[in-house]
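If you're wondering where the values come from, they're calculated on a predicted model, not measured in any experiment.
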Amino acid sequence: MAHWLFKSEPDVFGIDHLKAMPGKKDHWDGVRNYQARNMMRDQMVKGETAFFYHSSCPEPGIVGTVTICSAPYPDHTALDPTSKYYDPKATEDNPRWYMVDVRYKKKFNRVITLQELKETKGLEEMPLVKKGNRLSILPVSEKEWDIINGLV
DNA sequence: GCCAACGTTGGC
DNA sequence: GCCAACGTTGGC
């Protein structure tokens, strides 16, 4: 099974928000980038695990893990004119954007900072540590998954 | 708040 | 199909 990384701004929706949701799960809406959507729609499988990453905050880094607990399905916020994720080009027949549900799995006892990830041997090829990457959904290899879990 | 690095849009 | 303009992301 593949592994993933989900980025989110902790001020908007951090791992503690997810943990506080009913059933400790929520839908991961608002992905509005085609590359991220394609990975989500075409490759994600229920039961796979992912890192939860906090971005645009004082200490950017990986804060825990989540489980993908649904198959990909259309992101209905794209059809809602009152949503900040509304997309006038999305329709019922052609939803354009997709999402999955994620469930809180674990919060690490510390933040594995971006800085630390950059300095860790074996993670050099992670898109996350490379310059200019802005995708909110990223694939994580089995090797990288193990290395990062070993840092905690 | 700055700015680099993208991605998207739209005129041609 | 090119490409300039514009918008967004996200670390610092």
query: Judged by atom type as modelled, is there a donor-acceptor pair below 3.5 Å linking the side chain of A/K7 to the main-chain atoms of A/L135?
result: yes
query: Where the side chain of A/P60 is defined as all heavy atoms beyond and including C-beta, which of B/dA4, C/dG11, B/dG7 is the nearest nucleotide?
result: C/dG11
task: Name the orientation class of the two ring planes belonging to A/W28 and A/F13 (parallel below 30°, tilted from 30 to 60°, perpendicular beyond 60°).
output: perpendicular
- line: Closest of B/dG7, C/dG10, B/dA4 to the A/S55 side chain is C/dG10
query: Does A/Y34 place a side-chain N or O at less than 4.0 Å from the phosphate oxygens OP1/OP2 of B/dC6?
result: no
- request: Remember a base hit wins even if backbone is also touched, and classify A/E9 as base, sugar-phosphate or nothing at under 4.0 Å, heavy atoms.
  value: nothing
Distance, rounded to the nearest Å, where A/N133 contributes CG and B/dC3 contributes P: 22 Å
- prompt: Over how many whole Å does the gap from A/K84 atom NZ to C/dT9 atom P extend?
  reply: 9 Å
message: Quick check on C/dC12: is either OP1 or OP2 less than 4.0 Å from any side-chain nitrogen or oxygen of A/K118?
response: yes
- line: Taken to the nearest whole Å, OH/A/Y85 to C1'/C/dT8 is 13 Å
- line: Of B/dA4, C/dC12, B/dG7, the nucleotide closest to the side chain of A/Q35 is B/dG7
- prompt: Between B/dT9, B/dA5, C/dG11, which nucleotide has the shortest distance from any of its atoms to the side chain of A/Y53?
  reply: C/dG11
- prompt: C/dT9 P sits how many Å from A/L128 CG, rounded?
  reply: 16 Å
statement: Rounded to whole Å, the NZ-P distance (A/K131 to B/dC3) equals 14 Å
message: What is the distance, to the nearest angstrom, from the CD atom on A/E116 to the C1' atom on C/dG11?
response: 17 Å
Shortest non-hydrogen contact from A/L5 toward A/A50: N-CB, 4.4 Å
query: Could you give the CG-to-C1' distance, from A/L114 to C/dC12, as a whole number of Å?
result: 11 Å
- request: Go through B/dG10, C/dC12, C/dG7 for me and flag the one nearest to the A/K89 side chain.
  value: B/dG10
task: Report the distance from atom CD1 of A/I137 to atom P of B/dC6, rounded to the nearest whole Å.
output: 19 Å
message: Under a 3.5 Å distance rule, please check whether A/E48 uses its side chain to pair with a backbone N or O of A/A2 as donor and acceptor.
response: yes
message: Is it the case that over 12 heavy atoms from other parts of the model lie below 6.0 angstrom from the CD atom of A/E92?
response: no
- prompt: Any side-chain N or O of A/K7 less than 4.0 Å from the OP1 or OP2 oxygen of C/dG10?
  reply: yes
